[in-house]
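Since the structure comes first, as structure tokens, the remarks are kept for the end.
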Amino acid sequence: MDSRGINKNFADARVDALAVVVFKKDDPKKGLLKELDVLSGGEIASVLASEEFKGESGETYALRYKADKGKAGRILLVGAGEKDKYKVSDVAAAAGAAARKVRDYNLKKFAIAPRSDGDAVEVAEAAAQGVITSQFELDKYKTKDKNDKKLGGFTVFIDGAKPADLKKGLERGTAIGESMNFTRDLANEPPNILTPTEMANRAKKMAKEVGLKCEVLSEAQMKKLGMNSLLSVSLGSEQPAQLIVLRYTPKRNTAKKGEMLGLVGKGVMFDTGGISLKPGEGMDAMKYDMSGGASVIGAMRAIALLQPTVPVIGVVGCVENMPDGKASRPSDVVTAMNGKTVEILNTDAEGRLVLADAVHYTEKQGATEIIDLATLTGAVIIALGNRNTGIMGNNQDLVDRIIATGKDVGEGFWQLPLEGYESEVKSDIADVKNIGTKRRAGTIAGGLFIQEFVDKAKWAHLDIAGTAWADSPKAHQAKGPTGVAIRTLVRLVENSQ
Ligand code: BES
Ligand code: ZN
Ligand code: ZN
């Protein structure tokens with residue numbers, strides 16, 4: 001999609017519509033709104049006075065006016081809530097809501113005035129990311145009723161901004177937005193198509209395109225390394241497990257000597273629960289049980305494009321959890337790569353079994369700081385719903401940095417404790433068991449289990465079961481996969497350079 005940045009003469013932009021952010025109780029007689037109000041012959045003031053449009057975030061209102069040839073002729077008011085609460089991260093949703101409306105009207109090009117006083121690079125970045133992620137749809141496999149309207153391009157207006165800043169922001173937002181859509185496409189794929197092998201193939205292809213190193217470990221290689229915890233999950237599947245390893249090495253490394261970040265993802269391509277079979281109703285949702293892995297792959301893609309000066313390794317354990325004569329049973333005991341014995345009491349708590357070996361492997365590869373991402377527990381949805389990702393860890397500084405970075409980019413993380421709950425995962429007959437006691441503190445039990453496989457690294461665990469998939473469409477985003485945590489992880493990496 002074409003993108004452009006402009007720093008003056010918004011109203012003269014050669015586009016089909018001018019989208020302007022409007023706040024609650026905004027004053028149409030001041031600044032840019034005044035200019036547009038004059039253009040529209042007082043229509044904006046009249047719409048605001050009538051309260052047909054209140055400026056709530058997600059709200060839009062289109063109006064037409066007589067324009068010179070080639071100029072817009074349409075204004076789209078885009079609500080953004082209260083002005084003093086408006087942050088740079090809100091620009092993405094506003095730009096996305098505008099872009100979806102413009103596409104609905106079957107228009108091709110629009111210009112947006114985000115009206116944020118934030119840093120120009122960040123504002124342009126957020127606008128571009130918001131427009132690009134707003135265009136994602138779930139219609140890949142439709143042969144009829146496909147969305148055939150296509151947005152052609154967008155212009156971002158930031159009054160007085162340096163052209164270089166606009167350009168940089170648009171490039172960054174495009175890289176991040178397209179990487180989010182890459183992740184969302186993976187999460188949306190049906191599991192008969194996106195098998196562990198296919199996931200590895202997509203990662204390899206992407207790695208080649210953006211210049212990442214990609215290695216895929218086969219079952220035989222994992223067996224050799226002793227990854228019996230991960231491998232136990234796919235015993236019941238016809239599909240062989242795959243461990244995807246993506247490496248980003250900066251041209252100039254400014255990390256402290258020996259420091260490396262590891263991103264680790266749960267790639268359960270489909271989770272039937274295994275022998276501890278899930279109920280049939282809603283089981284189809286378990287195609288998105290690979291969203292953690294998909295976000296890791298998307299984050300690595302964005303990192304490769306943005307070229308930060310610190311090294312990052314991305315590791316995704318891909319398996320399919322199926323019931324079968326060869327599948328593992330509740331009460332089986334396996335020995336993980338780090339030597340710990342695991343009593344599998346529920347084969348549906350499989351994500352942690354995958355992460356146990358994937359996290360240990362990542363630390364062995366030299367990661368000194370590890371963040372794992374997983375749709376790990378239904379319990380996190382009960383606790384936090386779909387607003388916040390559950391976060392836990394062994395290092396408060398890392399957890400705090402992730403939460404703070406999330407606030408900057410508009411992603412919510414809420415911490416749950418681990419300390420004091422350690423006895424939850426003690427097994428009667430082995431070192432650890434893969435579930436907690438009854439249904440209590442289910443998300444914490446998941447985090448505690450993974451912690452058993454971290455040695456010296458700083459580590460944080462993100463339970464994205466509630467945030468990786470949106471059950472309903474929003475003004476700025478289709479329903480379905482969200483590409484959660486990519487923005488936060490990319491910014492975190494950049495902040496550490
Ligand atoms: N993939 C699920 C968690 C999940 C549930 C993700 C709903 C998204 C939506 C995970 O593998 C699982 O089944 N967890 C069990 C753990 C339990 C057996 C301790 C759960 O949450 O019920
Ligand atoms: Zn499960
Ligand atoms: Zn699962």
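Each ligand, and each atom within it, is numbered from 1 in the order the structure gives. Computed from heavy atoms alone, side chains included, the values below leave out hydrogens, waters and symmetry copies.
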Full working for side chain to side chain contact (heavy atoms under 4.5 Å, CB included) between D357 and S229:
CA-CA 6 Å; D357 284 333; S229 179; 3.2 Å; yes
Strictly under 4.0 Å, does any heavy atom of I381 approach an atom of ligand 1?
yes
Tell me whether D289 has at least one N, O or S atom under 2.8 Å from the Zn ion (ligand 3).
yes
Atom 8 (C) of ligand 1 [closest protein heavy-atom partner, distance rounded to 0.1 Å]
Y288 OH, 3.2 Å
Does atom NZ of K426 have more than 12 heavy-atom neighbours, drawn from other residues, nucleotides or ligands, at distances under 6.0 Å?
yes
To the nearest 0.5 Å, atom CD1 of I486 lies from atom CZ of R491 at 14.5 Å
Protein residue, atom and distance nearest to atom 7 (C) of ligand 1, heavy-atom basis:
M286 CE, 3.6 Å
Atoms in ligand 1 with a heavy atom of E350 nearer than 4.0 Å
11 (O)
side-chain hydrogen bond (donor to acceptor under 3.5 Å, both in side chains) assessment of T335 paired with N228:
CA-CA 6 Å; T335 304; N228 300 308; 5.5 Å; no
Report the member of L376, N434, N346 with the shortest heavy-atom distance to atom 18 (C) of ligand 1.
N346
With a 4.5 Å cut-off on side-chain heavy atoms, are Q242 and T197 touching?
yes
Examine all N, O or S atoms of K266, backbone included, and report whether one is under 2.8 Å from the Zn ion (ligand 3).
yes
Does the protein come close to atom 22 (O) of ligand 1 - that is, does one of its heavy atoms sit below 4.0 Å from that atom?
no
Counting both backbone and side chain atoms, is some N or O of R352 under 3.5 Å from an N or O of ligand 1?
no
May I ask you to list the atoms of ligand 1 that are less than 4.0 angstrom from any heavy atom of K266?
1 (N), 10 (C), 11 (O)
Nearest heavy-atom approach of A460 to I402 is CB-CD1, 3.7 Å
Heavy atom of R439 under 4.0 Å from ligand 1?
no
Atom name of the N, O or S atom of D271 nearest to the Zn ion (ligand 2) is OD2
Report the part of D271 (side chain from C-beta onward, or backbone N, CA, C, O) that has a heavy atom under 4.0 Å from ligand 1; answer both or neither where that applies.
side chain
Which class fits the ring pair H461 and W459: parallel under 30°, tilted 30 to 60°, perpendicular over 60°?
parallel
Shortest non-hydrogen contact between D372 and V359, atoms and distance:
CB-CG2, 4.3 Å
Looking only at heavy atoms, the pair that brings M286 and K278 closest together is CG-CE, 3.7 Å
Between D289 and ligand 1, does any nitrogen or oxygen pair lie at a separation below 3.5 Å?
yes
For T377, counting its heavy atoms only, list the atoms of ligand 1 lying under 4.0 Å from any of them.
3 (C), 21 (O)
Which atoms from ligand 1 have a heavy atom of T375 less than 4.0 Å away?
1 (N), 2 (C), 3 (C), 6 (C)
The atom name of the N, O or S atom in E350 nearest to the Zn ion (ligand 2) is OE1
Does a donor on one side chain sit under 3.5 Å from an acceptor on the other, for E189 and Y288?
no
What protein heavy atom sits nearest atom 19 (C) of ligand 1, and how far off is it?
I435 CG2, 3.5 Å
Looking at A465, which atoms of ligand 1 are within less than 4.0 Å of one of its heavy atoms?
6 (C), 8 (C)
Main-chain N/O of E219 paired to Q221 side chain as donor or acceptor, under 3.5 Å
no
With rounding to the nearest 0.5 Å, note down the distance linking CD1 in I344 to CD1 in I275.
11.5 Å
Answer with side chain, backbone, both or neither: which part of M290 has a heavy atom less than 4.0 angstrom from an atom of ligand 1?
neither
What residue and heavy atom of the protein are closest to atom 15 (C) of ligand 1, and at what distance?
D348 O, 4.0 Å
Select the closest option to atom 20 (C) of ligand 1 among A468, G446, G378, judged by heavy-atom distance.
G378
Check the pair T467 / N386 against side-chain hydrogen bond (donor to acceptor under 3.5 Å, both in side chains), numbers first and verdict last.
CA-CA 5 Å; T467 49; N386 58 12; over 6 Å; no
